[in-house]
Amino acid sequence: MTNQEVANLLRQIAKILEIKGDSTFRIRAYEEAATRVENLAEPIEDIWKRGELTNVPGIGESIAAKIEEYLKTGKSSYLEEISKDIPKGLFEMMEVPGIGPRLAWRLYTEAGIQSIEELERALVEHKLQGLRGFGAKMEKKLLDGIQMYRQLSGRIPLYLALPIVHNVITYLKGHAKFVDIAPAGSLRRGRADIGDCDVLVATDDPIPVMEAFVKMPGVAQVLAKGDTKASVFTGGLQVDLRAVPVESWGAALQYFTGSKAHNIKLRELAIKKGYKLNEYGLFKMDTDEKVAGRTEEEIYNALGLPWIPPTMREDRGEIELAMTGKLPRLVEMKDIKGDLHVHSTFSDGTDTVETMARKAKEMGYEWLVISDHATGLGVVGGLKPEDLPDYIAAIKEAEKKVGIRIFVGLEGNIKADGTFLFTDDRVEVLIAAIHTALNQEKEKILDRYEKTFKEAKPHIVAHPTGRILGRRGGLNVTSSEVLQLCNKYDVVPELNCTPMRLDIDDVGVLTAVTQYHMPVALGTDSHDAEELVNMELGVIQAQRGWADPDHVINTWSAEKVEEWLRSGHKQ
DNA sequence: GCCGTTTTCGGCCCGACTGTTTTCAGTCG
């Protein structure tokens, strides 16, 4: 049972309690427990086996018992009990913007509506107008909401959201007056996928800015528009704009960056210290005197904390860590000295070894791993043992011409039965990856990894879970399951920086770094030279996993990398 | 349902926007 599955159970319980109008505090307790489980660096099953479930913040006796039953039996009698009289369609209805748990429940109990299709029909036929609070505007709002729900495909990958927000900001700079503007929300936190985009603007004259925003070209729909806050639908994405007074810029940036769970924790801390925190500033509870707000640093410091980087603000324990003064110094782009996963024309890359090396040099790197595919993957050609002399000669030549250290790498395919095509002493960096038979069941995939880790002793396992953002699928394994094997066989997990992969995910990095004290390997998996810049997306994800430079191999000197390659492997 | 160097009971984050509520509940982030 994975942490995600347990978190889903708790979240499902919270949802049902919400529909039924249960205590908001009980609902919050389940939601918070879900978030904590989701973000645990350790498998919850291990914690349970040690009898330490209630040591996890947010988990008490009652929730621990429910988790235990679920881990033991795969079922929850409590969930079954409370969901008996709830039609499944209600959950989908709540995905429609504007429909929350209370309205979904009313639509069901007062009008017998159990699905989006039934709701749509009732709206079109004006059958709901007898209900309290249902006028023509409400009808239109919900019909629009249904249409939007059908267009939205859920969350979109970070790299697709970035240009949309960039366009909004560029447009507003040319068509409105303000002092400052910045993206906030999950975009600023660097989440791998984005639900909606938040943009913050500092101005003392917000109304014209809001006007310009909702009239932007490309706005498909205006979802809300007030004096200081507006939401539109553009480029297939919801974008929220929030205007704040200049003197509240820091407080607003903090508030609007989130995450929600992080903010709640911070406001609770503020209350304990006799303050009230909102998007306008930090105020003394008794006198309403403002004590901080111009910058984020001011606010965190006034609460007795160092400034916490946005990439850490997920309520994964960062506030508690900040209190002890032990926040890690997160890895940054300027620390990166090399790329651990790059292809060339020797397999399916479009640029030569030399071109890739020049780009690496241009990025300020000291070294590079050229890691072309080994044979066995039909579509990409791939290197055979007899190709190695030419491959190595090309690498050595580029090394001399460009003037950076280039390691001879090889990305080998782990076959469906777990055999690995070839290893060779002339290969300095051996990368193993699954590219075929992706739909096997979990046990089979883990067996394949284990067999290869044991027999071929690769240095790195590439894109360990096979996830593709914005699409279903990936391998039937979680990062935490692969990481257990990595730990056992001393194989370094890759954080693949391909914008659609970012695999292992942020929680995986957190597990590797804080649980196993294991480094991660950032690899852009570049197939042309321009893709080397994707390293930046990987660095952001590594930050989200609390990685300091020591835990990122890419920050090591070429000598230190050589030392690592010699030790522990192929002895 | 969780939690506690002021509490094992009585608290629990905060505000904007919407619709139609003449004072506020629901939704959202």
Side-chain angles (χ1 to χ4, degrees), chain A residues 10 13-14 17-19 21-36 53-67 78 82 93-107 128-129 131-142 144-145 184-189 194-200 206 210 214 222-231 238-244 248 251-252 254-283 285 303 315 319:
Chain A
L10 298 174
I13 291 173
L17 294 176
E18 223 180 335
I19 290 174
D22 207 306
S23 148
T24 53
F25 303 114
R26 184 177 292 118
I27 294 162
R28 235 189 80 187
Y30 276 99
E31 274 171 352
E32 183 174 335
T35 304
R36 294 308 289 232
L53 277 181
T54 52
N55 290 1
V56 177
I59 297 182
E61 295 297 331
S62 171
I63 291 183
K66 277 150 194 143
I67 293 176
Y78 179 64
I82 59 173
M93 275 163 63
M94 285 164 60
E95 299 288 312
V96 173
I99 300 184
R102 303 306 301 146
L103 184 55
W105 184 241
R106 277 190 58 214
L107 285 167
L128 297 176
Q129 290 202 345
L131 263 57
R132 182 173 53 83
F134 260 87
K137 274 193 173 172
M138 194 64 173
E139 264 181 357
K140 181 172 186 317
K141 183 181 155 183
L142 292 188
D144 286 349
S186 50
L187 201 85
R188 181 161 179 250
R189 298 201 309 280
I194 303 293
D196 52 34
C197 296
D198 302 299
V199 179
L200 189 62
M210 294 295 139
V214 298
V222 178
L223 305 167
K225 178 176 167 284
D227 290 351
T228 61
K229 186 180 171 183
S231 297
Q238 182 179 328
V239 181
D240 300 335
L241 182 69
R242 175 70 178 251
V244 294
S248 301
Q254 196 290 315
Y255 161 86
F256 225 27
T257 296
S259 66
K260 189 176 170 180
H262 175 91
N263 283 356
I264 289 174
K265 273 284 152 60
L266 212 58
R267 287 180 210 143
E268 282 170 354
L269 181 63
I271 289 171
K272 277 190 199 135
K273 293 187 179 270
Y275 298 114
K276 185 179 74 162
L277 177 62
N278 60 28
E279 62 265 53
Y280 300 108
L282 185 68
F283 301 87
M285 195 81 84
L303 292 171
D315 190 26
I319 293 179

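A note on names: the letters A, B, ... follow the listed sequences, proteins ahead of strands, and every chain is numbered from 1. All of these numbers come straight from a predicted model, not from anything done at the bench.
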**Message:** Work out how far the C1' atom of B:dT23 is from that of B:dT18, and round it to whole angstrom.
**Reply:** 15 Å

**Complete:** Of the listed B:dG1, B:dC14, B:dG29, the closest approach to the A:S62 side chain comes from B:dG1

**Message:** Tell me the interatomic distance from A:E31, atom CD, to B:dC2, atom P, rounded to whole angstroms.
**Reply:** 14 Å

**Request:** Starting at atom CD of A:E139, determine the distance to atom C1' of B:dT18, rounded to an integer number of angstrom.
**Result:** 16 Å

**Prompt:** In whole Å, what separates the P atom of B:dT6 from that of B:dC2?
**Reply:** 24 Å

**Message:** Say we look at B:dT20 and B:dT27: how far apart would their C1' atoms be, to the nearest angstrom?
**Reply:** 16 Å

**Prompt:** When we call it a touch if two heavy atoms are under 4.0 Å apart, what does A:N263 touch: a base, just sugar-phosphate, or nothing?
**Reply:** nothing

**Message:** So, does A:T228 get its side chain near the phosphate of B:dC17, meaning an N or O under 4.0 Å from OP1 or OP2?
**Reply:** yes

**Message:** Considering every strand and a 4.0 Å limit on heavy-atom distances, what is the contact class for A:K66: base, sugar-phosphate, or nothing?
**Reply:** sugar-phosphate

**Prompt:** Would you call A:D315-A:K260 a salt bridge at under 4.0 Å N-O?
**Reply:** no

**Request:** Evaluate the side-chain proximity of A:M138 to A:L103: yes if any heavy-atom separation is below 4.5 Å, no if none is.
**Result:** yes

**Request:** Describe the nucleic acid contact of A:I271 in one word from base, sugar-phosphate, nothing, applying a heavy-atom distance below 4.0 Å.
**Result:** sugar-phosphate

**Prompt:** Is A:V244 close to A:L200 at the side-chain level, that is, under 4.5 Å between some pair of heavy atoms?
**Reply:** yes

**Request:** Check every strand shown and say whether A:S231 touches a base, only sugar-phosphate, or nothing at a heavy-atom separation below 4.0 Å.
**Result:** nothing

**Request:** For A:R242, answer base if it contacts any base atom (sugar-phosphate contacts may also be present), sugar-phosphate if it contacts only those atoms, and nothing otherwise; contact means non-hydrogen atoms under 4.0 Å.
**Result:** sugar-phosphate

**Message:** Distance check, P atoms only: B:dT8 and B:dG15, in whole angstrom units.
**Reply:** 29 Å

**Request:** Could you check whether A:I27 gets within reach of a base, just the sugar-phosphate, or nothing at all, counting any heavy atom under 4.0 Å?
**Result:** nothing

**Request:** Choose from B:dG29, B:dA16, B:dC14 the nucleotide whose nearest atom is closest to any side-chain atom of A:Y280.
**Result:** B:dA16

**Message:** Can you identify which nucleotide, out of B:dT27, B:dG19, B:dA16, has its nearest atom closest to the A:K229 side chain?
**Reply:** B:dA16

**Message:** Using a distance-only criterion (donor-acceptor N/O pair, under 3.5 Å, no hydrogens), is the base of B:dG29 paired with the side chain of A:Y255?
**Reply:** yes

**Message:** Can you measure A:E32 atom CD to B:dC12 atom P for me and round it to whole angstrom units?
**Reply:** 15 Å

**Message:** For the C1' atoms, the ones on B:dC12 and on B:dT7, what distance do you get once it is rounded to whole angstrom?
**Reply:** 13 Å

**Prompt:** Across all strands, who's sitting opposite B:dT8 as a Watson-Crick or G-U wobble pair, both distances under 3.5 Å?
**Reply:** none

**Request:** Take atom C1' in B:dG26 and the same atom in B:dT21, then report the distance between them in whole Å.
**Result:** 11 Å

**Request:** Give the minimum heavy-atom separation between A:L131 and A:L107, together with the two atoms involved.
**Result:** CD2-CD2, 4.5 Å

**Fill in**
Atom CG of A:L103 and atom C1' of B:dT27 are separated, to the nearest Å, by 9 Å

**Asked** Quick one: which of B:dT20, B:dA16, B:dC17 gets closest to the side chain of A:M138?
**Response** B:dT20

**Message:** Between A:E32 and A:K265 (salt bridge meaning N to carboxylate O under 4.0 Å), is one present in this structure?
**Reply:** yes

**Asked** Going by a 90° cut-off around 0, is B:dT20 syn or anti?
**Response** anti

**Item:** Listed nucleotide nearest any side-chain atom of A:K276, set B:dG29, B:dG26, B:dC14
**Value:** B:dC14

**Request:** Report which part of the nucleic acid A:I63 touches: base, sugar-phosphate, or nothing (heavy-atom distance under 4.0 Å, all strands).
**Result:** sugar-phosphate

**Prompt:** To the nearest angstrom, how far is A:K265 atom NZ from B:dC12 atom P?
**Reply:** 16 Å

**Message:** If you assign A:L223 and A:E279 each to the DNA chain B nucleotide with the nearest heavy atom, which residue ends up on the more 5' nucleotide?
**Reply:** A:E279

**Asked** Of the nucleotides B:dC2, B:dG19, B:dC12, which one has an atom closest to the side chain of A:K141?
**Response** B:dG19

**Closest-nucleotide 5' rank along DNA chain B - winner of A:D196 and A:A136** = A:A136

**Request:** Please determine if A:E18 and A:R102 form a salt bridge, counting it only when a charged side-chain N lies under 4.0 Å from a carboxylate O.
**Result:** no

**Message:** Counting only side-chain heavy atoms from C-beta out, which of B:dT27, B:dG29, B:dC14 sits nearest to A:K260?
**Reply:** B:dG29

